[in-house]
Amino acid sequence: MQLILRNFITILKRFKTASILNVLGLSTAFAAFLIILMQVRYEQSFDKFHSKAERIYRLEAQDEKAGRTLYACILSRPQIEEFAASSPHIAAGALTENQDEVYLTVEQGDHPTGMREQMVLCTPELAQIFDFAMLEGDTTALRTPDQVLIPQSMARRMFGHRPAYGAQITYGSERLTVGGVYRDFPRNTQIHNALYRNMGKRFANQRGMWAFKGYILLDRAANKQQVVDNYMKNYVAPHPDQRQKDYRLTLLSDVYYTNDSEDMTPQTHGDKAQTRLLLIVAFLVIAIAAINFINFTTALAPMRIKSINTQKVLGCSTGILRAGLIFEAVGLSLIAYLVALVIVHVLSLTSYADLISADMALAANLPLAAYVAAGALLAGLIAGLYPAWYITSFPPALVLKGSFGLSPKGKRLRTVLISIQFIVSIVLIISLLFVKIQTRYMQTTPLGFDKDNIAITEISPDIYRNHREALTDRLESFPGITHVSYANKKLCNSDDYGVQGIMDQGINIHFGIMAVSHNFLTTMSIPIIDGRNFTDVDARKQDAATLICNQKMVLGNPQLIPGKRLADGFVADIVGTSADMHFTSLRKPVDPFALMLVSTKSSQVLNFCYVKIKAGTDLKAAVGHINQSIHAIDPAYPVNVEFFDNVLNALYQGEIKLNRQITLFSLLAILISMIGVFGLVIFDTQYRRKEIGIRKVFGATVGEILTMFNRTYLYIVAVCFVIAVPVAWYEIKLWLQNFAYQTPIRIWVFAVALLAVLAVTILTVTLQSYRAATENPANSIKTE
């Protein structure tokens, strides 16, 4: 053991550069692998923490959208309630309706404090299905309309460390009482850490209003299909206004990886293939780091072989020597693991913690850290076996001759190992560039409306109902503001909007809908291609809604022409047809969609204010004016002004996050590959010192020697590029299938990847071989 420890210390002292590079390569690989394991664990444990997780399902219905086999989880209340009552095997059924962020005020000190918090309307049965770990009060608060449940984090924001039970919250003109405080749910759940409130009789009989999610608790999971079949047989057929061809129950813990649902937001849905790809990449990064270790150890062979042979001559057994070399490998691997923990900890304290959805804190991932520690031991063992056998396997005569490292078999092995690294690097660079291009394409593609210099801010129901005209006048008093309009939603904020159902001539028509003020199309520069725009007269009408349909809606239903009145259930006048616009992301094609004018006498709240700012205006001053205008009406209101660039960034955060992940892995792969190249150049220069010296004696220049070294690696990179291109092409084509609108596959991307790898390789080879090329030939020939 003393001999092994002495050898380990010696190798660290004598070969500092090699040891540092080995540790750097392995540690970055271990850190990347640990981070990806955190993300995989986060995704695969989605909603599995509920005590009844194996029996909780989400109700979904197949949607008739141009033959697309998608399932909608946003349904009407009668559908969900009928399903929940359809079978004795259903232990409980609950509904939720997300209200997103609403404006609330609480008393903090002498003044009310305004804040926006997420609200979820629900039925009381929700507490029977999900585990609300109550810290104050109890879940019976959900049975009382003016009582609410709030999570612990919200209670802290509102009331500090004071007891929240019984405290008052103001919502518009209502006073709500905190009936309970529950412990926050983990982040990996479809259920929100929100303010939960009884929804009462909201839309109890309106089949056309799709705004609710239904959760079903079965008595036994084995009864799932029987419950669905029973509903399809006894409930769907009697209702001709049901537009579904099929229903299904999706286990809640399977929802995250469901790829045929219309509710696929980045926060609650993931791509299993993408996660698998990242996991494979993490394994590849570790593999190429292990390859580097082997390359480095074999590269150091000429500097260590005589020492090891001397120990053999002095009686040290081959077994002990090999054990010492393996111990060195395991020691370096464990040092790299400890460095990896430091890297992960530092990243968790920076903005890179947003790289994954999971909590990157080491304390929250101790089991994974233990697994990676075991992996580090195994990696060190595996990576040390071949070098240990290799260095100790040569007879003394061959060692003295000095040619044992130049065998064709050894060259082929090293070439294959470095080639694998180059292929991985090239594929990752190509993938990175295409993810960037597709994300940029989605963010810059014309959306069918003018998104430039449009500021959006949410306002409270009180401001809209009682101070809308005053706010409009204040905003338009600023010289750079040209238009102010209102809507009940934020364009491009989600892939899903509320669905309205209507009947016309016996045909069911369902479409996304957004309520707006009369000048909304003017503010957003949405062109009218048939009929007319909304008018002030339309805004004062009370006997019917007023609609402007998009082209996609009219194309599928040609009877919906301007001048048409719909009077079967949903009474509405169609006054115009607008050009199609992308109101969701470019992951989805344009669907039927209508803008509905809200009457000035309607009780509906349009709580998003859209402000058109003239080009060339000082945006900072304009935003300041918007803040001042709202605060002049409600000083407590927390104003948040956004521009469409920020909205689109939020919409495509999944792609942006993938972009950052692949960027990180690409840099790691290139770094580790260059470490491998560095090791091979060390190997080559050690064995070819005499050749280099002789070449210089016969007149070879430094440039010619550098070219000789680089030529080999240029050939290797060229061959690897030919192999990597079809792999990357297939991968990108597969990934782009997730988007309805795709950027073309551009040839120049492949050329850029090739040039990037060539440039870094040439730089690395040149820097490392320069010392050998400039060495005095007399020294190398004499040494050899």
Side-chain angles (χ1 to χ4, degrees), residues 100-103 105 113-116 440 442-494 514-527 533-534 536 539 578 581-583 585 595 597-598 600 605-653 656:
D100 297 322
E101 289 186 346
V102 298
Y103 176 50
T105 58
T113 298
M115 56 187 67
R116 283 194 295 269
R440 179 66 177 168
M442 293 188 296
Q443 291 175 317
T444 58
T445 295
L447 301 176
F449 58 86
D450 185 5
K451 63 182 179 62
D452 296 329
N453 293 335
I454 296 289
I456 308 172
T457 183
E458 191 171 358
I459 59 175
S460 68
D462 177 67
I463 292 176
Y464 177 77
R465 289 193 182 105
N466 303 315
H467 307 282
R468 179 174 67 252
E469 293 182 0
L471 175 61
T472 301
D473 292 340
R474 285 179 179 273
L475 292 175
E476 291 183 343
S477 67
F478 187 79
I481 293 178
T482 59
H483 294 93
V484 177
S485 59
Y486 302 88
N488 70 330
K489 294 172 183 174
K490 192 189 301 182
L491 277 175
C492 297
N493 187 49
S494 169
M514 181 170 169
V516 299
S517 60
H518 74 281
N519 61 339
F520 183 80
L521 283 86
T522 302
T523 301
M524 302 304 296
S525 301
I526 300 173
N533 201 344
F534 296 128
D536 291 336
S578 71
M581 63 177 179
H582 295 283
F583 58 93
S585 75
L595 296 171
L597 178 62
V598 170
T600 54
V605 173
L606 304 182
N607 55 318
F608 286 97
C609 178
Y610 290 69
V611 180
K612 176 67 175 178
I613 302 173
K614 187 187 305 181
T617 301
D618 184 344
L619 295 182
K620 184 176 181 180
V623 170
H625 179 73
I626 295 171
N627 277 274
Q628 293 173 5
S629 299
I630 296 176
H631 282 151
I633 297 172
D634 184 352
Y637 189 79
V639 183
N640 179 33
V641 180
E642 292 182 282
F643 288 90
F644 258 101
D645 288 343
N646 295 330
V647 175
L648 292 176
N649 285 340
L651 182 64
Y652 295 118
Q653 62 177 310
I656 293 172

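- Residues Phe449 and Leu491 have side chains in contact (heavy-atom distance under 4.5 Å, counting atoms from C-beta outward).
- Contact check for Arg468 versus Ile463: no side-chain heavy atoms found under the 4.5 Å cut-off.
- Here Leu597 contributes atom CG and Asp536 contributes atom CG; the two are 9.5 Å apart, rounded to the nearest 0.5 Å.
- Side chains of Asn519 and His483: a donor-acceptor N/O pair is absent below 3.5 angstrom, by distance only.
- Counting heavy atoms from C-beta outward, Leu471 and Ile630 have side chains that approach closer than 4.5 Å.
- The minimum heavy-atom distance between Ser578 and Leu521, with the atom names listed, is CB-CD2, 4.4 Å.
- Each of Glu458, Arg116, His631 was checked for a side-chain hydrogen bond (donor to acceptor under 3.5 Å, both in side chains) with Tyr637, and the lone residue meeting it is Arg116.
- Using a 4.0 Å cut-off between charged side-chain N and carboxylate O, Lys490 and Glu642 make a salt bridge.
- The main-chain N or O of Pro461 is never found under 3.5 Å from a side-chain atom of Asn607 such that the two would form a donor-acceptor pair.
- Remark: Leu606 CG to Met514 CE distance equals 9.0 Å, nearest 0.5 Å.
- Distance check: Ile633 CD1 to Gln628 CD gives 12.5 Å after rounding to the nearest 0.5 Å.
- Checked against a 6.0 Å centroid threshold, the rings of His518 and Phe534 do not count as neighbours.
- Checked by atom type and distance alone, the side chain of Ser629 pairs as donor or acceptor with a backbone atom of His625 at under 3.5 Å.
- Under the salt bridge (Lys or Arg N to Asp or Glu O under 4.0 Å) criterion, Lys612 pairs with Asp450, sequence neighbours left out.
- We find the CD1-CD1 distance between Ile626 and Ile459 to be 12.0 Å, quoted to the nearest 0.5 Å.
- Residues passing the side-chain contact (heavy atoms from CB on, under 4.5 Å) test with Asp618 are Lys620, Ala621, sequence neighbours excluded.
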side-chain contact (heavy atoms from CB on, under 4.5 Å) evaluation trace for Met524 with Ile454: CA-CA 8 Å; Met524 302 304 296; Ile454 296 289; 4.1 Å; yes

Check the pair Thr457 / Phe608 against side-chain contact (heavy atoms from CB on, under 4.5 Å), numbers first and verdict last. CA-CA 6 Å; Thr457 183; Phe608 286 97; over 6 Å; no

Evaluate the ring pair (Phe, Tyr, Trp, His ring centres under 6.0 Å) criterion for residues Phe520 and Tyr486: first the C-alpha distance (whole Å), next the side-chain angles of each, then the deciding distance (0.1 Å), finally the verdict. CA-CA 7 Å; Phe520 183 80; Tyr486 302 88; 10.0 Å; no

